[in-house]
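Position 1 is the first residue of the sequence; numbering continues from there.
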Amino acid sequence: MAAHLSMQLSQAGTSELVRSSQKDRFYSSYLNTIISDIIHPFIPQRYWLKWQREMQLLAEVIYYGLTTIKGNQTLGEEYCNTIQVTTQSTSQHTVPGTF
């Protein structure tokens, strides 16, 4: 018979959350730089400057779409060994599902 294993969860501290957020921001910014480097040679400078915020949003949507929305940990969460959970009852924690 297989033994029932329960996942012991503890809340992440402030330092883990800050480090995780910083790492996520770093990779989102890195992805924004890559997108910008790809698009910049093909459009005039004034349009590139005009659409910088939209490119940053696109980078964040891609980053979080490939991680959180898909049901995986973000790189920041993985770096800090944290995991998002939802509380469906007072005693049961579960990993959030996808769409």
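- With values rounded to the nearest 0.5 angstrom, Q73 atom CD is found 7.0 Å from N81 atom CG.
- Taking the side-chain hydrogen bond (donor to acceptor under 3.5 Å, both in side chains) definition, one finds that W51 meets it with nothing, sequence neighbours left out.
- Every pair tested for ring pair (Phe, Tyr, Trp, His ring centres under 6.0 Å) that includes a residue from residues 63-82 fails, sequence neighbours excluded, so the list is empty.
- Hydrophobic side-chain contacts under 4.5 Å tie V61 into a cluster, directly or through other members, with L57.
- The side-chain hydrogen bond (donor to acceptor under 3.5 Å, both in side chains) search around Y27 returns none, not counting sequence neighbours.
- Checked against side-chain contact (heavy atoms from CB on, under 4.5 Å), I62 has the following partners two or more places apart in sequence or in another chain: L31, I35, L58, L66.
- In terms of the side-chain hydrogen bond (donor to acceptor under 3.5 Å, both in side chains) criterion, residue partners of T74 (sequence neighbours excluded) are, by chain and number, D24.
- Qualifying side-chain hydrogen bond (donor to acceptor under 3.5 Å, both in side chains) partners for E77, counting only residues two or more places apart in sequence or in other chains: Q84.
- Here the CD-OG distance, from Q56 to S28, works out to 6.5 Å after rounding to the nearest 0.5 Å.
- With sequence neighbours excluded, the residues satisfying side-chain contact (heavy atoms from CB on, under 4.5 Å) with V18 are T14, Q22.
- Contacts of I34 classified as side-chain contact (heavy atoms from CB on, under 4.5 Å), with partners at least two apart in sequence or in another chain: Y30, I38.
- Not counting sequence neighbours, the partners of Q52 by the side-chain contact (heavy atoms from CB on, under 4.5 Å) test are W48, L49, M55.
- The two atoms that bring S20 and G76 nearest to each other are OG-C, 3.3 Å, heavy atoms only.
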